[in-house]
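Structure record follows, encoded as structure tokens.
Worth knowing before you read on, the calculation uses all heavy atoms, side chains too, and leaves out hydrogens, waters and symmetry mates. Keep in mind that what you see is a predicted model, and the values were worked out from it rather than measured.
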Amino acid sequence: MSKAYDPAATEPVMWSKWMDSGAFHADPSRVLDGDAQPYTILIPPPNVTAALHLGHALNNSIQDILIRAHRMKGFETLWMPGTDHAGIATQTMVDKKLKEAGKPGIADYKKRELTGEPGREEFLKLIHEFKDEYEERITQQLMAMGCSCDWERQRFTMDDICARAVREAFFQLFKDGLIYRGKRLVNWDPVTQTALADDEVENEEVAGHFYYLRYPLVHQTEPGNHDPVTWSELVRRGYPDAENHPEDEQAWITVATTRPETYMGDTGVAVNPKDPRAKAVKGFFCELPIVGRVIPIIEDDYVVLPVKYGGQEGDTKAEMSTGFLKVTPAHDPNDWMIGQRHNLEPINIMAPDASISDQHGWDRETNKEGGHIFVGKSREDARKLVIEEFKARSVAEGSSGSLLERMVPYSHSVGHSYRSHAAIEPYLSDQWYCKVSDDKLRGNAQRALKPEQRTESSIKDWPESRPKMVADDTTDGTMNFFPARYAKTYENWHDNLRDWCISRQLWWGHRIPVWSRERMTSDDIEQLKLVLSVGYDPFSDEPDEPAISRTENEDGTVSMHVCFQNENNTDIKLFESAGFTRDPDVLDTWFSSALWPLSTMGWPDASAAKDSSGINDFESMLAAFNPSSVLTTAREIITLWVSRMTMFNRYFLGDDKAGKAPFKDVFIHAMIQDGEGRKMSKSLGNGVDPLDIIHSHGADAMRFTLCQMTTQTQDVRMPVEMDESTGKNTSPKFDIGRNLCNKLWNAAKFAMMMLEKNPVSAGMPIDPQELSLVDRWMLSRVAHATGAINTALRNYMFKDYADAIYDLLWRDFCDWYLESIKPTVADDANQAAVLRLVLDSILRLMHPVTPFITESIHERLSTIPMREVTGFSFDQTQSTGTLCQSGWPTPDQALRDEVAEEAYDRIRSLITLIREIRASNKVHAKRAIVLHVSGSLAEDITRWSPLVETLGNIKEVTSAEAPEASAAFVFEGSEYRLSDLADAVDASVEKERLTKELADLEKAIGGLKGRLSNPGYTDKAPEHLVNQTRGELEQKIQDRDSMKASLDKLG
RNA sequence: GGGCGGGUAGCUCAGUUGGCUAGAGCAAUCGCCUUACACGCGAUGGGUCGUGGGUUCGAGUCCCUCUCCGCCCA
């Protein structure tokens, strides 16, 4: 074996070995035949937009640890790999890359499409090429990390298998009325020109202004005819302060807005009914400056009262408010609600790119409205122009002050696209919605949660969300978050859930399987019935028939939407010939992600599932592996993903639409930040590439370090440094993992050298009682570590796992066990057998975290026969000669040897004392010294003397009187001496050391005495504690007295 | 505005129901190329546990106040 572990030489070889062994392939029949319990993890499919980052490395290391440990524990494990098509992200990424390369972008392909050329298809081909490249890269990365996925089953959210699931799910939801068409405000991204879901919008604080605009008041005598309202009229109606204005001038009200550019879309002004001015302006109208539209003043208690009229002091909104609110239903969600309540018409004044337009709902010319100067301006330019124009005008000719009353700086949060980072425009459009607020979706998601993780306040607001928990229920109350606090995030999300906008105006994604025809008259419908085959009723609800929904329009016409279950339905052509066209939009990426637990298992039709690689054993996958065991993911997608998977899994897998949750546990891992607590990102340049770390430190080193970092907190920090020699980012934290691997390598090298000298021969299991102290101690430590690791795995405490490995390998095995057995192992057959067994166990316990190095060492170790120790066995697995399929250690409780542990701990304390003296007297490591023992413990020490001699480099343990030139120490109350430290012992060094130790003892004695003289303590503290304190004090006094005696001798 | 996480040694983090002198790794210092490992071995120094208060015989741990950093939601 080489002097140092070489990951680059080892990892590819071990990887091939695993792939050849077929160890990662899951066999559902073993589960269904009862040969093994299933253990399943579905990979959170990484987006095909980029290579994996360190966060992925962490998440996938964790999953591999869980999978590998359970494989060794005898479970039939399935780790389902795959990637996500990431609709908007991928499409914008490809568009950007094309533009950077000077090639035509999506805008050009859209033009082609308009001229009848194949634009959409051609562009999708380009995205597919991009996807293939990144999918390959991601796969390579996961393999380089050692991820033991079932690679034969790798999926992609847009492959045929997944597409079938999406089609079926959409059809069922559509048919059940849980997908509907709605015209309402969406979060519109004007850059990518698509709608976004609420959770794809990020709020950012933006420094802007509050603009105070004056709207003149008018009477509307008849439509199109209006007269100014004068201040004197307002005085008569009791409008406060109206008397301070010239009485014959036109009166105005002031609205405050952060978005003056939307004023062209105003269709009302609202005032709070509690406002004292409300009565005075009742029945009046406002005339929109420049545009000239006359809009009503309505009363709505949504309007915030200004402080002057009853608003709360200190409330920023009340302090900013004028009491009058311009209502723009088509461009603000709150205004939309007000508009709904008061029948105000929404007027959309923007084009999809957010420029001002009179072509998308603002019928400016027909209504003879002004404002043409704003048309065509971007929303930013329009804002400037509106302000300019208002500033230059006054309410009426001759009146004082401009229409722009004032501007106040104001910073507020504005929604931005999580993809393009453009400010979101609330935009009126027709979209498809999934009715997730329905109890069959939301309710099932809530009820899936374990009762202990629900909060009473949530259940109180919504009693039907309480898990039913009938006997043998495997549906409600089964899902468990780790750490538990994240259940709250999940619960809270559902409490405030709104319907999910699932259509996206993109090309890259699952095309919506709906054909529509808008505004059909009753004649059209009769004609349609004729066009369709004789006897065919488009409104029937038979299986295999398309699902049809109708929306009644205001003008009495009907819009019809037809959803076909299969692409090859012959009726599609019929409907198309009747004027139906396919919806051009695609589905939100999360729609297919939400089906991941189903689509990857061949749902809905296992027998028909067959993918390009020819794998066709989906037959029992769903039954064997759904629900999965655990989902490990990042907290930011608890809502986007975890919730929706739960809804869909339960909805589609239950006869009564209340099936099983898709996973038993949900583990939310920490987020890796840089040393300053910032997110790792490309723009900050503080990211660390997993492949760089694999090259510099090895995959195992990276995995161990990540495992050790994974605590239960929500963020973990990783100081990032630039490696000067490679110009790449790295972190000193990975050295821990590399050093650990090297330690293991060398320990194994040494152990096998010993085993060559003293080969183990097979035979009957050894009775632990026949073993030496140190062997019994070591087995006890393995048993202890196994228990600690099992507990850590059960609770997803990965740091505890890493620490248990570290302590077992480095502290117990290397520092003490190997050092202890050096002189004896070559001649002690039992000891050699224990060494063989312990090393094997350590390899097995470490394997899930550091798979490559352990597999490599195991390959050599397995050539040496193993002789077992009674009580020390391994789980049954489908062994194929690889470590990754070898059994997990299952030591009996009886191997936990308290007596051996206590005795060995005493020896270690004694050795530590001896080493301290050696160090303070600068005794060379090679110089063997003499230990003089006396007192009651002399017998024990003599019995341990071979160990003491080895570990302390003692050449002789004697009861003979020590010579003058010797160093004293106190162990368990008695004085011991070390002699032959050097040719002469420096008395002053000795004196200094003993004096300091004496002072420490005195201090401790003082503390203990103080505690015991406090009656509060002796009366109230538990008796065993008080006794313990008394014993301690006694011991310290003995130590002190011995120490004093030693010091006295020095003079 | 609501919710959550965090503030413990120079750095990264442990610290279970309150109970030994608050721990580990790295870094630092000193000594060692001791025949597995210098990616190592032995030893040493280093902390008012964010602030202020409370409960208790006893608080890093429980309660309250304030403060700073970060995340999520509105």
Side-chain angles (χ1 to χ4, degrees), chain A residues 1-5 198-199 202-203 315-317 413 415 483 485-486 488-489 492-493 495-496 635-636 638-639 670-671 673 675-679 697-698 701 705 708-719 731-754 791 795 797 799-800 802-803 806-807 810-811 814-815 818-819 822 911-912 914-928 951-953 1000-1001 1003-1004 1007-1008 1010-1022 1024-1026 1028-1029 1031-1033 1035-1036:
Chain A
M1 284 174 80
S2 60
K3 187 168 178 181
Y5 172 58
D198 294 339
D199 35 40
E202 292 170 348
N203 288 307
D315 174 6
T316 322
K317 284 202 171 150
S413 77
R485 63 177 179 273
Y486 291 114
K488 239 174 150 174
T489 309
N492 199 265
W493 162 257
D495 288 345
N496 305 304
R635 68 174 176 279
E636 65 217 30
I638 291 174
T639 55
M671 195 172 82
Q673 302 175 330
E676 276 84 58
R678 300 172 305 181
K679 260 186 174 177
H697 289 74
T705 300
Q708 204 203 27
M709 285 178 68
T710 300
T711 59
Q712 305 288 295
T713 57
Q714 61 181 21
D715 305 312
V716 291
R717 288 186 183 192
M718 168 162 287
S731 172
K733 294 211 90 173
F734 292 111
D735 293 352
I736 294 168
R738 184 197 53 193
N739 296 354
L740 181 99
C741 289
N742 197 54
K743 192 71 179 172
L744 173 64
W745 185 257
N746 279 289
K749 184 170 75 176
F750 177 72
M752 283 189 278
M753 203 168 78
M754 294 297 160
T791 305
N795 296 303
M797 310 272 264
K799 186 192 166 54
D800 289 4
D803 286 350
Y806 190 96
D807 288 342
W810 206 310
R811 303 275 87 102
C814 291
D815 286 357
L818 290 184
E819 293 303 327
K822 271 179 180 174
I911 296 301
T912 303
I914 294 170
R915 284 175 178 170
E916 273 173 37
I917 290 167
R918 292 185 66 109
S920 66
N921 284 287
K922 301 200 191 313
V923 180
H924 196 277
K926 278 183 177 166
R927 186 176 183 114
L951 296 168
N953 198 8
D1000 288 347
L1001 277 171
K1003 198 178 151 200
L1008 291 168
R1011 198 186 305 169
L1012 286 167
S1013 63
N1014 179 356
Y1017 178 68
T1018 47
D1019 294 351
K1020 293 190 182 172
H1024 75 272
L1025 269 173
V1026 179
Q1028 194 182 315
T1029 312
E1032 224 171 282
L1033 178 62
Q1035 177 76 60
K1036 297 274 183 215

When both hydrogen-bonding distances must be under 3.5 Å and the geometry is Watson-Crick or G-U wobble, what is [N] paired with, if anything?
N: B/C49; value: none
N: B/G25; value: B/C11
N: B/G1; value: B/C73
N: B/A59; value: none

When all nucleic acid strands are considered with a 4.0 Å heavy-atom cut-off, which category describes [X]: base, sugar-phosphate, or nothing?
X: A/Arg918; answer: nothing
X: A/Asp815; answer: sugar-phosphate
X: A/Cys814; answer: base
X: A/Lys749; answer: sugar-phosphate
X: A/Pro1015; answer: nothing
X: A/Asp715; answer: sugar-phosphate
X: A/Lys743; answer: base
X: A/Gln673; answer: sugar-phosphate
X: A/Leu1025; answer: base
X: A/Arg738; answer: base
X: A/Ala925; answer: base
X: A/Tyr486; answer: nothing
X: A/Thr489; answer: nothing

Roughly, in whole Å, what's the span from [atom1] in [X] to [atom2] in [N]?
X: A/Asp495; N: B/G2; atom1: CG; atom2: C1'; value: 13 Å
X: A/Lys922; N: B/C41; atom1: NZ; atom2: P; value: 21 Å
X: A/Asn953; N: B/C32; atom1: CG; atom2: P; value: 16 Å
X: A/Gln708; N: B/C26; atom1: CD; atom2: P; value: 10 Å
X: A/Met671; N: B/C4; atom1: CE; atom2: P; value: 19 Å
X: A/Leu744; N: B/C39; atom1: CG; atom2: P; value: 17 Å

Between [M] and [N] - [atom1] atom distance, rounded Å:
N: B/G31; M: B/U12; atom1: C1'; value: 28 Å
N: B/G45; M: B/U29; atom1: P; value: 16 Å
N: B/G25; M: B/U34; atom1: P; value: 23 Å
N: B/G52; M: B/A59; atom1: P; value: 15 Å
N: B/G42; M: B/C37; atom1: C1'; value: 15 Å
N: B/A28; M: B/A9; atom1: C1'; value: 12 Å
N: B/C41; M: B/G53; atom1: C1'; value: 49 Å
N: B/G3; M: B/G40; atom1: P; value: 48 Å

Nearest 0.5 Å please: distance from the [atom1] atom of [X] over to the [atom2] atom of [Y].
X: A/His697; Y: A/Asn742; atom1: NE2; atom2: CG; value: 12.0 Å
X: A/Thr711; Y: A/Met797; atom1: OG1; atom2: CE; value: 9.5 Å
X: A/Arg717; Y: A/Met671; atom1: CZ; atom2: CE; value: 11.0 Å
X: A/Gln708; Y: A/Asp800; atom1: CD; atom2: CG; value: 10.5 Å
X: A/Asn746; Y: A/Leu818; atom1: CG; atom2: CG; value: 11.0 Å
X: A/Glu636; Y: A/Thr489; atom1: CD; atom2: OG1; value: 12.5 Å

Does a side-chain N or O from [X] land closer than 4.0 Å to OP1 or OP2 of [N], or not?
X: A/Thr711; N: B/A14; answer: yes
X: A/Lys822; N: B/A36; answer: yes
X: A/Lys733; N: B/C11; answer: no

Which nucleotide in the set [options] lies at the smallest distance from any side-chain heavy atom of [X]?
X: A/Lys3; options: B/U12, B/C37, B/A14; value: B/C37
X: A/Pro1022; options: B/C20, B/G25, B/G19; value: B/G19
X: A/Arg717; options: B/A14, B/U12, B/A36; value: B/U12
X: A/Thr713; options: B/C13, B/C57, B/G6; value: B/G6
X: A/Lys488; options: B/G6, B/U21, B/G3; value: B/G3
X: A/Thr912; options: B/A36, B/G19, B/A43; value: B/A43
X: A/Arg635; options: B/C37, B/C71, B/A36; value: B/C71
X: A/Trp810; options: B/G25, B/C39, B/C41; value: B/C41

> Starting at the 5' end of RNA chain B and moving along, which residue's nearest nucleotide shows up first, A/Ala747 or A/Gln712?
Replying inline: A/Gln712

> Quick one: on RNA chain B, does A/Arg811 or A/Asn739 contact a more 5' nucleotide (nearest heavy atom)?
Replying inline: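 Result: A/Arg811.
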
>> Regarding B/A36, can its base be found pairing with the side chain of A/Glu819 as donor and acceptor, where the two atoms are less than 3.5 Å apart?
In response: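 Side chain to base: pair present.
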
>> Using only modelled atom types and a 3.5 angstrom limit, is any donor from either the side chain of A/Lys1036 or the base of B/U21 paired with an acceptor on the other?
In response: yes

> Looking at A/Tyr806, does the NZ or CZ of A/Lys743 lie under 6.0 angstrom from its six-membered ring centre and within 45 degrees of the ring axis?
Replying inline: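 No - A/Lys743 does not lie over the ring of A/Tyr806 by the 6.0 Å and 45° rule.
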
>> Give me the atom names and distance for the closest heavy-atom approach of A/Leu1012 to A/Thr1018.
In response: O-CG2, 3.3 Å

>> Between A/Lys488 and A/Asp495, does any side-chain N to carboxylate O distance fall below 4.0 Å?
In response: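 Salt bridge absent between A/Lys488 and A/Asp495.
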
